[in-house]
Asker: 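Right, I'll just put the structure down here and ask away after.
Just so you know, these numbers come straight off a predicted model, no measurement behind them. Each chain gets a letter, A, B and so on, in the order its sequence line appears, and its residues count up from 1.
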There are 2 protein chains.
Amino acid sequence: MGLNIKDIARMANVSPATVSRVINGTGNVNEENRQRVLKVLEETGYKPNALARGLLRNRTNVIGIIVPDLSNINFAEYVKGIENEAKKYDYNIILTTSGNSAENEISYFQLFKEKRLDGIIFSGTIFTKKHKREIDKTDIPVLVFGQNFGDNKLISMNIDNQSAAYEATKILLSKGAKKICMITGPLWDRAAGYDRYSGFLKALAEEGISPNSVPIEEGDFTINSGYKSMKNILKRYEVDAVLAANDYMALGAIRCLFDENKKIPEDVQVMGFDDIVISDIYNPSLSTVRIDFYNAGKLSARKLIKAIEGEKVEENIIIPYEIVLRGSTK
Amino acid sequence: MGLNIKDIARMANVSPATVSRVINGTGNVNEENRQRVLKVLEETGYKPNALARGLLRNRTNVIGIIVPDLSNINFAEYVKGIENEAKKYDYNIILTTSGNSAENEISYFQLFKEKRLDGIIFSGTIFTKKHKREIDKTDIPVLVFGQNFGDNKLISMNIDNQSAAYEATKILLSKGAKKICMITGPLWDRAAGYDRYSGFLKALAEEGISPNSVPIEEGDFTINSGYKSMKNILKRYEVDAVLAANDYMALGAIRCLFDENKKIPEDVQVMGFDDIVISDIYNPSLSTVRIDFYNAGKLSARKLIKAIEGEKVEENIIIPYEIVLRGSTK
DNA sequence: TTGTAGGCGTTATCAC
DNA sequence: GTGATAACGCCTACAA
């Protein structure tokens, strides 16, 4: 290590320019010289310094990612998708997690700018004016995931959470639910919290059900909060269907219903969100809304790289969802 | 954007050197000038180019990570731990996943070298001479996670999988198991596959049980493979205890036992590995071996950064485990 | 076909 | 206290 292009040049008895030409396959090089250089490269294991190269080309081939939390399997899958796809195009990723702190998010934007990354994928759960201002100051391509935010400067990719929750609710009602309730995520979480909640309300409105008569508890996406929320609801209401804003809460709710001697789905139907790996094997197996985060990640990487390389990219991309019916619904 | 330190200098009527001094807090600067510079920095949102800086200082403040797969919650937690801890020391991470391909792993080592990262955390499931040769060629500090590989050049961090499996087996036996069996991971996976398997055998040996009489199936860590392995075992044997090399396989096994009308833990005791979030709420709740990957990640980051900054670091660090007894054992 | 020289943006050194 | 200058390692005109 510590070798630079001049050292290689000296060893191969040529100039640094020639070495550079061999490495990059640019310009013509005498075959004999080329072979000598290649041999030295091989022997020394020399790798050009990406810093120097980036400085010159103004390109790093690195994409910055900001996600709230890697413990959430959805985000882990999303990141995996990005990474796998990016590597195909010879890009790497710098990963940061914000823990849902807007302050962290903003400071990462600045960091990414400093590091001269080629593009940024940002997935937050809230999106403020401050975020927007920061993004506007950046002239690197940015892809925002999971936030509807009309802005022609950035690419946005969204899950239609509202429609998904709407449809899930409709299905429960169509299967005979008369006393439905919901366990939501935190409502400040625009996507998985608020939008799923509002889709639920929309479906009720269409059926002429007043939201005031419907029990709604706000959980925090953990199994425990699902359990507690269900318990709170059962204290004061009789219900025959539950929509939970994610599978963990749905599983917590099922556990609670079980403890209260309710039969699923005969007495109470349950529907979750996410289709985590356990949902299929759980007893009863869980009906849920499946969103393919891995593919969303791949798509995000592809779109962003397209934008980095100067191609036109549509501004708002919608990720499909799919409703999976299993044993916890009739 | 596109501003450089010279632009700032011009705007503030000072030299680039002075701007640099203000930014880095190095050397003395006249208060009046400092204020003028700060104002320009504020107004322009200028950030120094980390590439140029890195070129000069030979430092990037970035750590490279290689893990097999982010879908595995253990690795996701591990990475999260690294990232959170690294950020405290002002380091960022470049994350790559190898999909267990040794070829990928090696090429990432080279990439990291090219990018002049300050350190590398490598977690693979196999560790070959080729890996070792590559690491030896690198003079960046490397931390290898999950592989016992005596080498004074690198820091290694390990889970004592063998002892953990040994102890788990002993517990099952002490609780009256007479006809025990195991569902292992792939045995080429040194850590979670082979080592857990060998710990199991060691415990049997100590009790004078011949391994030939004991059913052993090799799964692939998925729920399905746990189910199938259990089914295969039950076809030919009667068992009263199962050790599975991870919780997913344990849950698959439980599901199978349930389908075969076996009572848990009365007829068959089950013990897993990992303590995934669902294990506690499953019915029956799952006894398991818990390893704190998040903290292992934090510790890895801390040790590696220490090494990067020139401090001496112990060479082999052992991560503790803990056996959690729940409803699936007597 | 090949080599020399200048510059990418920053910081450290050395005069002033 | 401040500014010019060289250097980090590479690539690319341009000249030979």
Asker: Mind calculating the distance between CG (B/Asn4) and P (C/dT11) to the nearest angstrom?
Answerer: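 It is 12 Å, rounded to the nearest whole Å.
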
Asker: Could you give the CZ-to-C1' distance, from B/Arg59 to C/dT11, as a whole number of Å?
Answerer: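 So the two atoms are 15 Å apart, to the nearest Å.
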
Asker: Select base, sugar-phosphate, or nothing to describe what B/Asn24 touches, counting heavy atoms under 4.0 Å on all strands.
Answerer: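 Sugar-phosphate, backbone atoms only, no base.
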
Asker: Would you mind reading off the distance between A/Leu55 atom CG and D/dC11 atom C1', rounded to a whole angstrom?
Answerer: 11 Å

Asker: Answer with yes or no whether B/Arg116 presents, from its side chain, a donor or acceptor under 3.5 Å of a partner atom in the base of D/dG9.
Answerer: no

Asker: Tell me which nucleotide among C/dT10, D/dC10, D/dT2 gets nearest to the side chain of B/Pro48.
Answerer: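 Side chain of B/Pro48 sits closest to C/dT10.
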
Asker: Does the side chain of A/Asp69 come under 3.5 Å of the side chain of A/Asn100 through a donor N or O and an acceptor N or O?
Answerer: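 Short answer, no.
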
Asker: Identify whether any heavy atom of B/Arg57 sits under 4.0 Å from a base atom; if not, whether one sits that close to sugar-phosphate; answer base, sugar-phosphate or nothing.
Answerer: sugar-phosphate

Asker: Can you measure B/Asn28 atom CG to C/dC16 atom P for me and round it to whole angstrom units?
Answerer: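 Nearest whole value for this atom pair: 20 Å.
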
Asker: Using the closest heavy atom to pick a nucleotide of DNA chain C for each, name whichever of B/Asn49 or A/Asn30 lands nearer the 5' end.
Answerer: A/Asn30

Asker: Calculate the interatomic distance between B/Glu32 atom CD and D/dG1 atom P; express it in whole Å.
Answerer: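 Taking CD of B/Glu32 and P of D/dG1, I get 14 Å after rounding.
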
Asker: With respect to the side chain of A/Asn33, which nucleotide from D/dT2, C/dT2, C/dT4 is positioned closest?
Answerer: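 Of all the options, the side chain of A/Asn33 is nearest to C/dT2.
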
Asker: For a quick test of reading the model: is some side-chain N or O of A/Tyr46 closer than 4.0 Å to OP1 or OP2 of D/dG9?
Answerer: no

Asker: Can you tell me the distance, in whole Å, between the CG atom of A/Leu3 and the P atom of D/dC8?
Answerer: 14 Å

Asker: Establish whether the base of D/dG1 is bridged to the side chain of B/Arg34 by a donor-acceptor pair shorter than 3.5 Å.
Answerer: no

Asker: Between A/Lys6 (NZ) and D/dC10 (C1'), how many Å, whole number?
Answerer: 10 Å

Asker: Are B/Glu134 and B/Lys130 close enough for a salt bridge, meaning some N to O gap below 4.0 Å?
Answerer: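 Salt bridge: no.
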
Asker: Does this structure show an ion pair linking A/Lys88 with A/Glu85, if we count only N-O contacts that are shorter than 4.0 Å?
Answerer: yes

Asker: On DNA chain D, check which nucleotide each of B/Pro16 and B/Gly27 is closest to and give me the residue with the more 5' one.
Answerer: B/Gly27

Asker: Which nucleotide in the set C/dT11, C/dT2, D/dT2 lies at the smallest distance from any side-chain heavy atom of B/Leu56?
Answerer: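 That would be C/dT11.
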
Asker: Give a yes or no on whether B/Glu103 atom CD has more than 12 heavy-atom contacts from other residues, nucleotides or ligands under 6.0 Å away.
Answerer: no

Asker: Are A/Ser15 and C/dT4 close enough that a side-chain N or O sits under 4.0 Å from OP1 or OP2?
Answerer: no

Asker: Distance only, no hydrogens: is a donor on one side chain within 3.5 Å (strictly under) of an acceptor on the other, for B/Asn33 and B/Arg21?
Answerer: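 The answer is no; no qualifying pair exists.
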
Asker: Specify the separation, in whole Å, of atom CG of B/Leu51 and atom P of C/dT11.
Answerer: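 In whole Å, C/dT11 P lies 13 Å from B/Leu51 CG.
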
Asker: Determine: side-chain N/O of A/Arg53 to OP1/OP2 of D/dC10, distance under 4.0 Å, yes or no.
Answerer: no

Asker: Identify the two heavy atoms, one from B/Val313 and one from B/Ala307, that lie closest to each other, and give their separation to 0.1 Å.
Answerer: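 Of all heavy-atom pairs spanning B/Val313 and B/Ala307, the closest is CG2-N, 3.7 Å.
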
Asker: It should be established whether B/Ser20 places a side-chain nitrogen or oxygen under 4.0 Å from OP1 or OP2 of nucleotide C/dT10.
Answerer: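 Indeed not, no polar side-chain atom of B/Ser20 lies that close.
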
